[in-house]
4 protein chains.
Amino acid sequence: MSAQPRTARGTRTKAKLLEAAEAVFASVGYHEASIVKITEEAGVGLGTFYLYFDGKQAIFDEVVEDLNRRVRHAMTDAARNAGTRIEAERAGFRAFFRFTAQHPALYRIIRQAEFVSPGALRLHYTRIVDGYIAGLKAAQLTGEVRDMDPTVAAWALMGIGELIGMRWVLWDEEGTDPVPGARPDVPEDVFEEMMQFIERALAPTPDSTPLQEGKAP
Amino acid sequence: MSAQPRTARGTRTKAKLLEAAEAVFASVGYHEASIVKITEEAGVGLGTFYLYFDGKQAIFDEVVEDLNRRVRHAMTDAARNAGTRIEAERAGFRAFFRFTAQHPALYRIIRQAEFVSPGALRLHYTRIVDGYIAGLKAAQLTGEVRDMDPTVAAWALMGIGELIGMRWVLWDEEGTDPVPGARPDVPEDVFEEMMQFIERALAPTPDSTPLQEGKAP
Amino acid sequence: MSAQPRTARGTRTKAKLLEAAEAVFASVGYHEASIVKITEEAGVGLGTFYLYFDGKQAIFDEVVEDLNRRVRHAMTDAARNAGTRIEAERAGFRAFFRFTAQHPALYRIIRQAEFVSPGALRLHYTRIVDGYIAGLKAAQLTGEVRDMDPTVAAWALMGIGELIGMRWVLWDEEGTDPVPGARPDVPEDVFEEMMQFIERALAPTPDSTPLQEGKAP
Amino acid sequence: MSAQPRTARGTRTKAKLLEAAEAVFASVGYHEASIVKITEEAGVGLGTFYLYFDGKQAIFDEVVEDLNRRVRHAMTDAARNAGTRIEAERAGFRAFFRFTAQHPALYRIIRQAEFVSPGALRLHYTRIVDGYIAGLKAAQLTGEVRDMDPTVAAWALMGIGELIGMRWVLWDEEGTDPVPGARPDVPEDVFEEMMQFIERALAPTPDSTPLQEGKAP
DNA sequence: GATGAATGAGTGTTCATTCAT
DNA sequence: GATGAATGAACACTCATTCAT
């Protein structure tokens, strides 16, 4: 995956390019993003780009990879200290929306990938979904989550997060505004409604397994 | 939006162009789709395109509009004959997935719209969501669906359908294959799991009142 | 071989491009010749080039083809009215040198072809050589030329013409000067020496066959 | 021409670069040959190149110079032990073809020189031709070669060798194959036909001058 | 109404060369 | 002496759009 820099200076340069590429992709999209724009944003010469990347698609893949890694980190970090599974889920979604608010690039870039790099797109989704699946399976063992196919549920969760995020994080009043950081999170009441929706979908049937009496009266 | 044809011949020509554009956008994406490709696919001269459309973006908007109208028709048609609200929901999702299988263009084109025509994108989503909202509100009146913010739930449903559809309809085994029609629907067991998920999320609390006054007993 | 124009206007444009390309290739060589230079020389827009040619290499091949056709025409036309075979040979070489003087492009372009379009290079040489071979075979039948392998002799003749032409037509005093038309032909004495060389090489052995008494007393 | 190395290590480095350049020029041509390719082939750093050469053209000139020196050495060495002039000529041509077979680079590089370095091209040809001229003049003194302008004859000989070599040494069956060493020489019968052609072209007229009757005084 | 020749701004990419290390 | 990161001018090529026919 592209040439690795062999000096500290090179490492800095490559990092600058990745950061610039994320910004440019996020603000104007893949096709409008030109190498010139990226290198200007990074403050390096045009030719420098090709020292570290094979082309536009290559840096795009690395940006997707990078964003994916970061959003998953954010989610697992947030969920780490949660007591129950449900709390972990809440924390995960909160982290996801916060990340989205701070990095609108995530959505904007991922959605491009459909045609630009289908493999990267699938990898992105499946990696996040795999995290949900693992969490659901663990919660099923403790009885916090009902017996169900965790894969289908995981994709459902992913979908809920994606569209709620799109609607309440990305779509601010005016329109397309990619300024990062200034974006507000999902409103609290919406978040609560969404969690209600999810919790009921996952909750064990009251009379189902007697193993867990925590959940049901 | 664009010039309207004034003769029957012109009407046919414009229709050919729209159909061709949908096919080309779906198979190669917005940016790879050139006017030449579209007019060749339509079997008309290059210059003819500009008789009916202001440009690439204009025909794209019309294609999105058209797809949106068709998918909503498919969904409401299917739900029309359903007895209960839940049956209507099932029928709607089935129709949605069937449409997706037959017109992969829907997804592929919509996802492009993010940068190409943000307005068209929002319109597409909100129109479908509005349908969900109307259904949910009606079901709340009959007590089939619990008391909740129908808007948040509607976006959640939309998200579930979108990602389940992407995963099980669009991602066939081999990879990105845009041949329309030949695509299989969502597997039955996955569909059932998904509906379970949704039904539980929407179901009224067992002990609550059918009229539902307030949230809790 | 490239798109054919469908209108008279297009035919003119393509011809202008071919002529311009010949001039540019001849003056600066294949690699220094840019599409921009060619289209500027032709007085057409840059994009117009790609209406008629697939790329630089494609127009190069057509130019080589064209030059080859013209030099062969020039040679056969000149040789047509010759009485004896030897006179035909003289006329052919004269025509070749005259063509070279008027179209230095021939040499300069052909020599490039080694790496640019090896197929075109071979075709060029073999076509001319085939002309020599045919002439030699005919002359052998009349006894004007001795019994020998006409193919080897033909390549020898080709080589003689090529280097004599390079030395006395192309290398004028100052250096590389590609101005067409202003170039002097091979000096008469050099031409005579060369023809002496060739005639002796081809002449039948005096005592060999009695069929031809034209050559030796 | 270019900086001379001041240490033994530097001498080795420069030699490695020259050797690498010959190989790269021969296999991909002047324009496709990049400094990076040459330094990689030589196994030295990119910057090292500019320690010894002013640029691509400079190393090209040295490579041409080197090849020219070597082919002339090969020819004169071969001709040294020949008894008669004609034998010397045969030996010279044999050596030339053998060198060509072993170093296809000669042709391939020389032909590039037309535009890259016209001076180098002329120098190359005139040096070889000067060798022919000297030989012819000497042979004229002994009467082995007829009275004629040795310069014209020398260029004719050069041309014959060049095209026969191109046709039977360089053009192997399949196509352009620059692997050195594996190439077969000119076939024996072709060689004999060519020498017949040359010998007759140079042979003294039987009845001409009484000064030389037969081969030796 | 229909056509396609013509255009040129803009793209991704290459590579000879410089220079700080 | 040796290196390779950095540079930017230059290239081949694409395509949305115009307009004369």
J.: Return the CG to CD1 distance between C:Asp54 and C:Ile59, rounded to the nearest 0.5 Å.
T.: 11.0 Å
J.: Calculate the interatomic distance between C:Ile35 atom CD1 and E:dG8 atom P; express it in whole Å.
T.: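 It works out to 16 Å between those atoms.
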J.: Quick one: does any side-chain atom of A:Arg108 pair with a main-chain N or O of A:Ala26 as donor and acceptor, under 3.5 Å?
T.: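 At least one qualifying donor-acceptor pair exists.
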J.: Report the residue (A:Gly10 or C:Tyr30) whose heavy-atom-nearest nucleotide on DNA chain F is the more 5′ of the two.
T.: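 The residue whose closest nucleotide sits nearer the 5' end is A:Gly10.
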J.: Quick one: which of E:dA2, F:dA2, F:dA6 gets closest to the side chain of D:Leu51?
T.: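 Comparing E:dA2, F:dA2, F:dA6 against the side chain of D:Leu51, the answer is F:dA2.
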J.: So A:Phe25 and A:Tyr30, would you call those rings parallel, tilted or perpendicular, with 30° and 60° as cut-offs?
T.: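 A:Phe25 and A:Tyr30: parallel rings.
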J.: Would C:Leu121 and D:Arg111 count as a side-chain contact (heavy atoms from CB on, under 4.5 Å) here? Give the steps.
T.: CA-CA 12 Å; C:Leu121 178 88; D:Arg111 295 194 144 241; 4.1 Å; yes
J.: If I take atom CG in residue B:Asp54 and atom C1' in nucleotide F:dT18, what distance separates them, rounded to the nearest angstrom?
T.: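 The answer, rounded to whole Å, is 14 Å.
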J.: 5'-most contact on DNA chain E: B:Pro5 or A:His31, nearest heavy atom basis?
T.: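 Result of the comparison: B:Pro5.
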J.: As a test of your reading of the structure, name each stem of DNA chain E as range with range, where a stem is three or more consecutive Watson-Crick or G-U pairs at under 3.5 Å.
T.: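 Runs of three or more consecutive pairs: E:2-21 with F:2-21.
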J.: Between C:Tyr52 and E:dA6, does any side-chain N or O lie under 4.0 Å from OP1 or OP2?
T.: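 Result: yes.
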J.: Can you sort out which residues in residues 40-49 of chain B have a heavy atom within less than 4.0 Å of DNA chain E? Ascending by number, please.
T.: B:Val44, B:Gly45, B:Leu46, B:Gly47, B:Thr48
J.: Counting only side-chain N and O atoms of D:Tyr50, is one of them less than 4.0 Å from OP1 or OP2 of E:dC19?
T.: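 For E:dC19, neither OP1 nor OP2 has a side-chain N or O of D:Tyr50 closer than 4.0 Å.
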J.: Rounded to whole Å, please give me the gap between CZ in D:Phe60 and P in E:dA16.
T.: 14 Å
J.: What's A:Ala33 touching, base or sugar-phosphate or nothing? Going by heavy atoms closer than 4.0 Å.
T.: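 Here A:Ala33 touches the backbone only, sparing every base.
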J.: Could you check B:Thr13 against D:Lys56 and say which one's nearest nucleotide on DNA chain E is further toward the 5' end?
T.: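 The residue closer to the strand's 5' end, by nearest nucleotide, is B:Thr13.
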J.: One pair to check against side-chain contact (heavy atoms from CB on, under 4.5 Å): C:Leu17 and C:Tyr52. What are the steps and the verdict?
T.: CA-CA 9 Å; C:Leu17 280 166; C:Tyr52 301 109; 4.1 Å; yes
J.: Ignoring hydrogens and angles, tell me if any N or O in the side chain of B:Thr39 forms a donor-acceptor pair with the backbone of B:Ile35 under 3.5 Å.
T.: yes
J.: The side chain of C:Ser34 is closest to which nucleotide in this list: F:dA5, E:dG12, F:dA12?
T.: F:dA12
J.: Quick one: does A:Lys14's side chain get under 4.5 Å of A:Thr11's, heavy atoms only?
T.: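 No, too far: nothing below the 4.5 Å cut-off.
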J.: From the options C:Arg122, C:His124, C:Gln57, select the one residue that forms a side-chain hydrogen bond (donor to acceptor under 3.5 Å, both in side chains) with C:Ser117.
T.: C:Gln57
J.: Could you state the atom-to-atom distance from NZ of D:Lys16 to C1' of F:dA2 in whole Å?
T.: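 Result: 11 Å.
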J.: Rounding to an integer number of Å, can you tell me how far D:Ile38 CD1 sits from E:dT17 P?
T.: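 Nearest whole value for this atom pair: 11 Å.
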J.: How far apart are the C-alpha atoms of A:Glu22 and A:His103, what are their side-chain angles, what is the distance that settles it, and do they pass the side-chain contact (heavy atoms from CB on, under 4.5 Å) test?
T.: CA-CA 9 Å; A:Glu22 183 188 317; A:His103 306 274; 3.9 Å; yes
J.: Rounded to the Å, how far apart are A:Lys14 NZ and F:dA6 C1'?
T.: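 Rounding to the nearest Å, NZ of A:Lys14 and C1' of F:dA6 are 16 Å apart.
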J.: Hey, does the side chain of C:Arg9 come within less than 4.0 Å of E:dA6's phosphate (OP1/OP2), counting only N and O?
T.: yes
J.: What is the distance, to the nearest angstrom, from the CD atom on A:Glu32 to the P atom on E:dT11?
T.: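 From A:Glu32 CD to E:dT11 P: 8 Å.
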J.: Do the non-hydrogen side-chain atoms of B:Asp66 and B:Leu18 ever get within less than 4.5 Å of each other?
T.: no
